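Throughout, protein chains are lettered first and strands after them, A, B, ... in sequence-line order, and every chain is numbered starting at 1. Predicted model only: the values in this text are computed from it and were never measured.
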Protein chains: 2
Amino acid sequence: MPITRNVSDEDETESESSSAVDAVLAQIRAMIVEGGLKVGDKLPTERELCERFNSSRNTVREAMRMLKAFGVVEVRPKVGATIVDQRMNRAFDLFAFNVTEISRQTFDDIQGFRELIETGSVTQIFAAVTPENLIELREINREMVRAKSVIEASEQDLRLHTRLVTLIGNKSILDIYRIMTPVILRIMQRGKTRRIIEGETYREHQAILDALERRDALAFQYLMRTHLRAGLSTFEEE
Amino acid sequence: MPITRNVSDEDETESESSSAVDAVLAQIRAMIVEGGLKVGDKLPTERELCERFNSSRNTVREAMRMLKAFGVVEVRPKVGATIVDQRMNRAFDLFAFNVTEISRQTFDDIQGFRELIETGSVTQIFAAVTPENLIELREINREMVRAKSVIEASEQDLRLHTRLVTLIGNKSILDIYRIMTPVILRIMQRGKTRRIIEGETYREHQAILDALERRDALAFQYLMRTHLRAGLSTFEEE
DNA sequence: AAGTTGATTCTTGGTCCAACAAATGAGTCG
DNA sequence: CGACTCATTTGTTGGACCAAGAATCAACTT
């Protein structure tokens, strides 16, 4: 019997994907789901998967590579592949992989989204904030003006906003912010150079934190909106 | 001029990843960025990348596999690899790859996020909605009750909400909704069986659309919040 | 003669195989 | 108890072949 077994044999119940790698990927995935494998469990060895799926080792490895890229498995030499769930981190890597320039449209959309979140969650933020939080937030704001470079200042700026979002207590929203971090940073570093240096951003932050401290929802929302839109105006100058 | 630069040379500024595949991946990425390659451009052939990076073909292929998993390149036989930007679709696939069960916490977070978006964007939605939109939305709602299965009904339910979110006119938010689609669907299909059948969801949708039609922001926000939280209560019954 | 069509060849990704290197867990011996 | 050896497993390499598509060219038709 020749070695070249055809992929599309009898065991091809699903996904006649016309690609051996995709087929193996689907089968491994089915094995995870139907086998009820949970995070922390181990997958069979590569060679075992080879003979189980009638595939070559390279094919199995490429499928494993995709699982790794998806953040579903973590594989170490000798110890094998264990199931994990780092898809959020993968999504983060995804957006850090910059190939295209940020368009004006993307800029508007991201800022609009932030406005929605950061002004809309005023109730939750007010309910959760503690005096210690305020001290920390003001300290971050001071670190921003002490920053040596625009890049560093942007990171502190975003850190302050992210810290505020953390107070909402919603992990999904925080995850989204984490995913968007690279894009937001690029947006900040593009348009805010002068504003940060001139201290406008610092003073706006201070006003927002003051409103937060005295639980003035209307002021908080108004100042936050103005603050976010100010970055918007500097973008279109160029 | 010899092209064969050694991998571990001076240009290894980042990611001395101790992995040949990661090294090749970083180099290809650097080639894209520094070469100013845009979407639509073509990458060199695999064999050319082999000798340029002094790597084996399998190594290059595994690196290419990751680029494909990232949605950065699209590779077709004979024609080679072309640069694309389908990272949003990849992120979508990422979250469709379910390995873990939805926790109560995730459920709360997602619903909280939706509440923030769908009640917070009332101004934009009111400004954008047209009579045709309303007709379409009501039609989707009717299709939901005509649905044969819970799965189909859930899809129509989410379709209505997604259509509403589309009216915001913010592509980033829409992207996030698309990414979350699989998770939201699983949430819906878990808790809403009885509610959909009994027509509660339909009537709540109708009330929301009525408020939308007469531009009653307060009613819209209140009804939407109640509607979203209703699904929350059915979740904890089990 | 020009255009079309068909076959042929060549390129290129897709898959497989065999082998070696490196890492590491496990067993063994001092 | 510790150091050492060994076997297993992933990481990497090089080579081989196949299939499909692009390119080229010859033959045929109009």
Side-chain angles (χ1 to χ4, degrees), chain A residues 1-9 11-12 15-28 31 37 40-84, chain B residues 3-9 12 15-28 31 40-84:
Chain A
M1 179 176 89
I3 339 159
T4 55
R5 298 297 312 119
N6 210 334
V7 185
S8 52
D9 265 356
D11 62 343
E12 264 305 308
S15 78
E16 67 296 351
S17 29
S18 77
S19 161
V21 175
D22 292 344
V24 170
L25 181 64
Q27 293 183 85
I28 294 179
M31 183 173 64
L37 297 184
D41 293 342
K42 287 173 114 57
L43 257 55
T45 69
E46 289 181 358
R47 287 173 176 84
E48 193 171 339
L49 293 174
C50 290
E51 64 179 48
R52 188 184 303 201
F53 300 142
N54 240 1
S55 302
S56 111
R57 187 148 165 254
N58 295 76
T59 305
V60 171
R61 277 189 63 80
E62 289 194 22
M64 208 70 98
R65 214 24 111 166
M66 303 209 65
L67 288 175
K68 216 161 82 171
F70 279 14
V72 175
V73 305
E74 184 187 33
V75 44
R76 285 180 307 168
K78 167 67 185 174
V79 75
T82 57
I83 298 181
V84 296
Chain B
I3 342 166
T4 57
R5 302 296 314 124
N6 207 332
V7 183
S8 52
D9 266 355
E12 265 303 310
S15 76
E16 68 294 350
S17 28
S18 76
S19 162
V21 175
D22 292 344
V24 170
L25 181 65
Q27 288 183 324
I28 294 179
M31 183 173 64
D41 293 342
K42 288 172 115 55
L43 257 55
T45 69
E46 290 182 358
R47 289 172 174 86
E48 193 172 340
L49 292 173
C50 289
E51 65 178 47
R52 188 183 302 202
F53 299 144
N54 241 359
S55 302
S56 122
R57 180 134 173 265
N58 291 327
T59 305
V60 171
R61 276 189 63 80
E62 289 194 22
M64 207 70 99
R65 210 30 107 166
M66 303 205 66
L67 288 174
K68 215 160 83 170
F70 277 15
V72 175
V73 304
E74 184 187 34
V75 44
R76 285 179 307 168
K78 170 62 189 174
V79 74
T82 56
I83 298 180
V84 296

Chemist: When you check the phosphate oxygens OP1 and OP2 of C/dT11, does a side-chain N or O of B/Thr45 lie under 4.0 Å from one of them?
Modeler: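 B/Thr45 to C/dT11 OP1/OP2: no side-chain N or O under 4.0 Å.
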Chemist: Among the nucleotides C/dG14, D/dT13, D/dG11, which one has an atom lying closest to any side-chain atom of B/Val75?
Modeler: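 The closest nucleotide is C/dG14.
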Chemist: When you match B/Glu62 and B/Arg47 each to their closest nucleotide on DNA chain D, which lands nearer the 5' end?
Modeler: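 Looking at the nearest nucleotide for each, B/Glu62 comes out on the 5' side.
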Chemist: Grab the CZ-P distance between A/Arg61 and C/dG14 for me, whole Å please.
Modeler: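 It is 17 Å, rounded to the nearest whole Å.
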Chemist: Side-chain contact, heavy-atom cut-off 4.5 Å: B/Gln27 with B/Ser55?
Modeler: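 No - every pair of side-chain heavy atoms lies 4.5 Å or more apart.
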Chemist: B/Glu74 CD to C/dG14 P: how many Å, rounded?
Modeler: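 To the nearest whole Å, that distance equals 11 Å.
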Chemist: Would you compute the distance between atom CZ of B/Arg57 and atom CG of A/Asn58 and round it to the nearest 0.5 angstrom?
Modeler: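 Between atom CZ of B/Arg57 and atom CG of A/Asn58 there are 10.0 Å.
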Chemist: The side chain of A/Arg57 is closest to which nucleotide in this list: C/dC17, C/dG14, C/dA19?
Modeler: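 From the listed options, C/dA19 comes nearest.
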Chemist: Side chain of B/Ala20 only, please: which of D/dG11, C/dG13, D/dT12 is the nearest?
Modeler: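 Out of D/dG11, C/dG13, D/dT12, the nucleotide with an atom closest to B/Ala20's side chain is D/dT12.
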Chemist: Could you state the CD-P distance from B/Glu51 to D/dG14, rounded to the nearest angstrom?
Modeler: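 Going from B/Glu51 (CD) to D/dG14 (P), I get 12 Å.
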Chemist: After noting the C-alpha distance and the side-chain angles of B/Leu49 and B/Met64, does the key distance pass the side chain to side chain contact (heavy atoms under 4.5 Å, CB included) rule?
Modeler: CA-CA 10 Å; B/Leu49 292 173; B/Met64 207 70 99; 3.6 Å; yes
Chemist: Can you find a pair of side-chain heavy atoms, one from A/Leu43 and one from A/Leu37, that are under 4.5 Å apart?
Modeler: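 Yes. Closest side-chain heavy atoms under 4.5 Å.
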Chemist: From NZ of B/Lys42 over to P of C/dT12, roughly how many Å is that when rounded to an integer?
Modeler: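 To the nearest whole Å, that distance equals 11 Å.
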Chemist: Nearest 0.5 angstrom please: B/Glu48 CD to B/Phe53 CZ, how far?
Modeler: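 Here the rounded value is 9.5 Å.
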Chemist: Starting at atom CE of A/Met64, determine the distance to atom C1' of D/dG11, rounded to an integer number of angstrom.
Modeler: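 Rounded to the whole Å, the gap is 13 Å.
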Chemist: Return the nearest nucleotide to the side chain of B/Ser19; candidates are D/dT12, D/dT13, C/dT15.
Modeler: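 Nearest nucleotide to the side chain: D/dT12.
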Chemist: CD1/A/Ile83 to CD/A/Glu74 distance, rounded to the nearest 0.5 angstrom?
Modeler: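 Nearest 0.5 Å value for the CD1-CD distance: 12.0 Å.
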Chemist: For the pair made of CG in A/Asn58 and P in D/dT13, what is the distance, rounded to whole Å?
Modeler: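 For the pair A/Asn58 CG and D/dT13 P, the rounded distance is 12 Å.
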Chemist: Using whole Å, report how far CG of B/Leu43 lies from C1' of C/dT12.
Modeler: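 That distance rounds to 14 Å.
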Chemist: Between protein and nucleic acid, restricted to nucleotides 19-23 of chain D and to nitrogen or oxygen atoms under 3.5 Å apart, what atom pairs and distances do you find?
Modeler:
| unit_1 | atom_1 | unit_2 | atom_2 | d |
| --- | --- | --- | --- | --- |
| D/dG21 | N2 | B/Lys78 | NZ | 3.4 |

Chemist: Are side-chain heavy atoms of B/Thr59 and B/Glu62 found at a separation under 4.5 Å?
Modeler: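 Contact flag for B/Thr59/B/Glu62 side chains = no.
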Chemist: Take atom CZ of A/Arg65 and atom C1' of C/dT15, then tell me their distance rounded to the nearest Å.
Modeler: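 Atom-to-atom, A/Arg65 to C/dT15, this comes out as 18 Å.
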